[in-house]
Structure formats: structure tokens, C-alpha cells
Amino acid sequence: MNINATLIGQIITFGVFVWFCMKFVWPYLLTAMQEREKKIADGLDAANRAARDLELAQEKASDQLRESKEKAAEIIEQANKRANQIIDEAKEAARSEGDRLVAAAQAEVEQEVNRAKEDLRKQVSELAVAGAAKILGKSVDPAAHSELLNKLADEL
Amino acid sequence: MAGNSQEYISHHLTNLTYGKLPAGYVRHEVAEDGTVHEHELTTATWTMAHNSEEAAQMGFTAVNVDSLGWSFGLGALLMFLFWRAAKKATTGVPTGFQNFVEMIVEFIDNTVKEAFHGRNPLIAPLAMTIFTWVFMMNFMDLIPVDVLPSIFGAMGVHFMKVVPSTDVNITMGMSLTVFAMMIFYSIKVKGISGFVGELTLQPFSAKNPVVQAIFIPINLILESVALIAKPISLALRLFGNMYAGEMIFILIALMFSAGAALAIMGGVLQWAWAVFHILVITLQAFIFMMLTIVYLSMSHEDH
């Protein structure tokens with residue numbers, strides 16, 4: 001319990017430890033801690049940014065998906081329309097071709113009929129002449145009665 | 001038993017002192033058979049004090065080897081551990097002891113930021129040194145009072161006070177250093193005139209120069225007392241608390257040699273007081289640090 005030189009010793013020791021702590025302990029620890037704090041803050045920021053980026057990307061992706069779906073639907077519709085058009089055109093072409101064929105056939109048939117009619121007429125006139133010759137008992141000169149015969153043929 | 005107890009207590013309260021005994025001092029040597037030999041020193045001698053009377057005789061030219069040794073040893077251990085942690089400190093994930101040190105650093109840093117209004121890179125390391133070092137010195141109080149003295153006694157060392165903060169030299173050494181810093185920073189921040197003005201122009205001041213002249217000595221007395229009371233109260237608060245705590249541990253330890261019933265009761269008391277003392281030692285370390293910060297903050301404040 002005496003005041004003695006221990007006092008001086010303690011003052012020196014204290015001073016040395018405070019100096020040591022200030023020089024070799026405190027700055028390193030505090031710097032490390034502050035840097036870590038900053039790193040963590042940066043990391044959290046980055047994470048937030050990444051989350052926001054992801055959200056944006058997802059939004060963009062879904063937008064593009066919707067757009068492409070719309071486009072695809074449009075293309076399909078157009079294709080359908082085109083197909084229908086082609087079918088219609090083909091139908092139209094087929095119908096007109098058919099009509100044409102039918103008309104041609106009919107014309108031919110008519111022609112044939114006319115020819116047959118003509119032949120018939122001719123034969124009828126010949127038959128008529130022959131019949132008349134038989135009935136009259138003499139030959140009828142077709143040339144002399146050609147006018148009559150023609151008239152008959154026209155009437156048939 | 002009474003003489004024994006007194007011997008036991010005073011033995012526990014005597015420092016291991018190394019110092020200079022003056023020429024002509026008569027030493028009383030107690031031999032193993034109990035006889036006392038006297039022998040006079042012919043020249044001034046540097047030696048270990050054999051009892052408290054010799055230690056007192058040595059006056060100021062003596063060192064309490066135990067107090068200073070434990071104080072230095074604990075401080076060095078702390079600084080070594082902190083230095084190792086600081087060297088290994090990375091910005092990565094902290095582990096183990098580094099976590100613990102960083103917890104202390106953060107606690108000190110926050111406390112300093114709250115209490116110290118100024119910029120000084122010395123304050124935080126100073127506060128950390130004080131808090132941890134005083135805590136370690138106080139912590140020695142929790143080691144049962146007879147353990148270390150017995151070990152050193154077996155090695156032939158007669159006195160061993162293991163709690164440095166129960167030595168007023170130690171606490172006074174720290175508080176005087178703080179006091180020196182207070183005055184240094186007061187003068188550095190406010191200038192000599194500012195410092196003197198702080199001592200003489202308040203708390204009483206007057207517009208009338210004559211009245212002011214009367215006030216100056218009154219102010220000087222009041223402020224000087226307030227200023228000097230700071231380091232003394234700082235040192236004596238810690239010393240008183242630790243000394244009283246140590247004393248109670250010693251008294252409880254006395255009960256162990258006084259019968260089974262008292263020994264059991266002593267055990268219970270020892271445990272209870274130790275638990276309570278955990279609070280006391282932490283609190284005293286914190287108070288010492290906090291007051292240091294506050295005093296130094298006051299030194300940095302310009303009015």
C-alpha cells in the first residue's frame with residue numbers, strides 16, 4: 001500500500017500498450033471490419049440488382065414469348081386463309097374446266113346430233129323418194145324434185 | 001487463531017517489493033526455529049523486502065514486482081492475442097478468436113463514437129487497452145486467493161499479490177496517464193489561454209472587471225479541485241472496489257480453516273461473491289474506460 005516507483009513503471013507500461021494497440025492492433029482490425037462491412041453491403045446491393053435484373057429479364061422473356069405466340073397465330077391464320085384461297089381457286093378452276101369440258105362435250109354431242117339429223121334427213125328424203133317411187137311405180141328423178149325433197153327434208 | 005488470521009490477511013495484502021534499503025537499517029531475520037536475528041546493513045542495499053515494514057522503509061525507490069509483473073504480463077498477453085488477431089484479420093468470414101476480438105472492437109468503437117465528440121485516433125485504442133487490460137487485472141480476483149500465492153510460496157517467493165488493480169500504484173499510474181492526456185489535449189485544443197480560462201473564468205463570471213477579479217481565485221480553487229479530483233477518483237474508485245472485493249475473498253477464505261460447517265458456508269459465500277464479482281470487475285473496467293473517454297472528450301470541447 002505504499003506509493004512507489006511501481007507508479008512510474010505502470011505509467012510506462014500503460015503508454016507502451018496504448019501505443020502498441022494504436023499502432024498494430026486497432027487500425028488493422030477496424031479496417032478489416034469496415035472493409036467487410038462494405039463488402040457485405042456491396043454484396044447485398046449486387047444481389048438486389050441481380051434480383052431486379054432477373055425480374056426485368058423474366059418480364060422481357062414473357063413479353064417476347066407472348067409476341068412470338070401472337071406472330072405464330074397470325075402466320076397460321078394467314079396460312080389458313082391462303083390455303084382456303086388456294087382451295088377456292090382450285091375449285092373455281094376445276095368448276096370452270098368442268099363447265100368447259102361439259103360445254104365442249106355438249107357441243108360435240110349437238111354436232112353429232114345435227115350430223116345424225118342431217119344424215120337422217122338425207123336418208124329420209126332418199127327413203128321418201130324410194131317410197132314415192134315405189135308408190136308411183138316409177139322412178140322419181142331426185143334432181144327433178146329436188147326442190148320438193150329439200151323442203152321435206154327441212155320440215156323433218 | 002486471531003493472530004494467525006491477522007497474519008494471514010496482512011500476508012495477503014503485502015506486495016512483493018524490490019527496493020533500496022538505506023544504510024544503517026536494521027533487518028529482522030526470522031530463522032526457521034522462530035528466533036529473530038538482527039543485522040544492520042552497512043551500505044544501502046537493493047533487495048527484496050522481507051516484510052511490509054521494510055517495504056515501507058524503501059520509500060519511493062521500490063517496485064512492487066508482483067503488481068507490475070502481473071500487470072505487464074496480462075497486458076502483454078492481451079496485446080499479443082490482439083496483435084495475432086489483427087495480423088490474421090481478413091475481410092472474409094471471421095472465425096473463433098477473431099470474432100471475439102471484433103466483438104470487443106465494435107463495442108469499444110460504438111461506445112467511443114457515442115461518448116467522444118471530436119476526432120482523435122488515439123481515443124479508441126486507448127479505450128480498448130483500458131477496458132480489456134483493467135478487466136484482465138480485475139479478473140485475477142476471481143482466481144481463488146490462495147492458489148497463486150501458494151504456488152509462488154512453494155517456489156520460495158514470500159509475497160504475491162496477484163490482482164494488480166488492488167495496488168493503488170497501478171490504478172494511479174493509469175489515471176495519471178489519463179490525467180496527463182487530459183491536460184495535454186486541453187492545451188492542444190484550446191490553447192494555454194483557453195485552458196487557463198477554463199480554470200479561472202467559470203463557473204462564476206461577471207461583467208464588472210473588479211468583481212471578475214474577485215471571482216478568479218474562487219474559480220481557480222473550485223476548478224482545480226474538480227480537475228484534480230478526476231484522476232484521483234478514477235484511480236481510487238477502481239482500487240477501492242477491487243481492494244474491498246479482494247478483502248472479502250480473503251475473509252471468506254479464512255472460513256475454510258474454521259471447521260466443517262463454516263467451511264461449507266464459506267464455499268457457498270465464495271461462489272456467491274465470485275458470481276457477483278464477475279459483474280463488479282466488468283463494471284469497474286467499463287467505468288474506468290467510460291470516464292476516460294468522457295474526460296478526454298471534455299478536454300477536446302471548446303467552449
Side-chain angles (χ1 to χ4, degrees), chain A residues 1-70, chain B residues 13-15 17 19 52 55-65 67-68 71-72 75-76 78-79 82-83 85-94 98 101-102 104-106 108-109 121-122 124-126 128-130 132-133 164 167-174 176-178 180-181 243:
Chain A
M1 255 305 284
N2 314 299
I3 296 280
N4 57 28
T6 312
L7 186 74
I8 310 290
Q10 177 70 4
I11 288 175
I12 295 167
T13 313
F14 185 40
V16 168
F17 284 151
V18 170
W19 170 80
F20 184 86
C21 187
M22 189 175 89
K23 215 76 191 167
F24 299 108
V25 175
W26 186 263
Y28 296 98
L29 284 169
L30 203 67
T31 314
M33 284 167 72
Q34 280 168 346
E35 262 170 30
R36 184 183 313 122
E37 217 166 88
K38 198 172 161 291
K39 228 162 107 177
I40 292 172
D42 286 353
L44 288 175
D45 265 4
N48 276 338
R49 228 182 0 257
R52 217 169 38 240
D53 283 356
L54 181 66
E55 211 173 287
L56 282 178
Q58 272 173 345
E59 224 166 79
K60 207 170 167 187
S62 64
D63 269 5
Q64 275 179 343
L65 194 65
R66 203 176 51 243
E67 216 169 275
S68 50
K69 265 184 186 163
E70 274 170 14
Chain B
L13 296 180
T14 308
N15 282 107
T17 310
S52 53
Q57 191 63 41
M58 285 169 179
F60 194 78
T61 52
V63 172
N64 294 340
V65 180
S67 297
L68 201 56
S71 146
F72 177 80
L78 266 179
M79 286 303 143
F82 287 161
W83 172 72
K87 215 174 58 167
K88 280 195 201 151
T90 56
T91 53
V93 180
Q98 198 195 336
V101 174
E102 285 188 5
I104 298 173
V105 168
E106 184 151 23
I108 304 279
D109 197 41
L122 173 67
L126 173 73
M128 181 165 166
T129 310
I130 289 177
T132 52
W133 196 19
D167 186 341
V168 78
N169 288 299
I170 297 294
T171 60
M172 200 63 107
M174 296 179 81
L176 285 181
T177 313
V178 171
M181 282 187 210
Y243 192 81

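Proteins get letters first, then strands, A, B, ... in listed order; numbering begins at 1 in each.
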*asked:* Using a 4.5 angstrom heavy-atom cutoff, name the option from A/Thr31, A/Val25, A/Ile12 with the most pairs to chain B.
replied: A/Val25
Taking the side chain as every heavy atom from C-beta outward, state whether [X] and [Y] have any pair of such atoms under 4.5 Å apart.
| X | Y | value |
| --- | --- | --- |
| A/Asp63 | A/Arg66 | yes |
| B/Val105 | A/Met33 | yes |
| B/Phe82 | B/Thr132 | yes |
| B/Met79 | B/Thr129 | yes |
| A/Leu29 | B/Ile104 | no |

Picking from [options], which has the most non-hydrogen pairs under 4.5 angstrom with chain A?
| options | answer |
| --- | --- |
| B/Ser67, B/Ala85, B/Ala62 | B/Ala62 |
| B/Pro164, B/Ala124, B/Ser71, B/Ala180 | B/Ala124 |
| B/Ile170, B/Thr177, B/Val65 | B/Ile170 |
| B/Ala89, B/Gly59, B/Gly173 | B/Gly173 |

Please look at [X] and chain A and tell me whether the side chain, the backbone, both or neither of the residue comes under 4.5 angstrom of a heavy atom of that chain.
| X | answer |
| --- | --- |
| B/Val101 | side chain |
| B/Glu106 | both |
| B/Ala76 | both |
| B/Pro121 | backbone |
| B/Thr171 | neither |
| B/Leu126 | both |

*Between A/Met22 and chain B, which part of the residue has a heavy atom less than 4.5 Å away: side chain, backbone, both or neither?*
both
*Are the side chain of B/Asp167 and the backbone of B/Asn169 linked by a donor-acceptor contact shorter than 3.5 Å?*
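Side chain of B/Asp167 to backbone of B/Asn169, a donor-acceptor pair under 3.5 Å: yes, one is there.
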_Heavy-atom pair with the smallest gap, counting every atom of A/Cys21 and A/Pro27_ = O-CD, 4.0 Å
*Atom pair CG (A/Asn4) and CE (B/Met58), whose distance is rounded to the nearest 0.5 Å*: 9.5 Å
*Can you name the residues of residues 35-48 of chain A that have some heavy atom under 4.5 Å away from a heavy atom in chain B?*
A/Glu35, A/Arg36, A/Lys39
*Between B/Phe72 and B/Trp133, is the gap from one ring center to the other below 6.0 Å?*
no
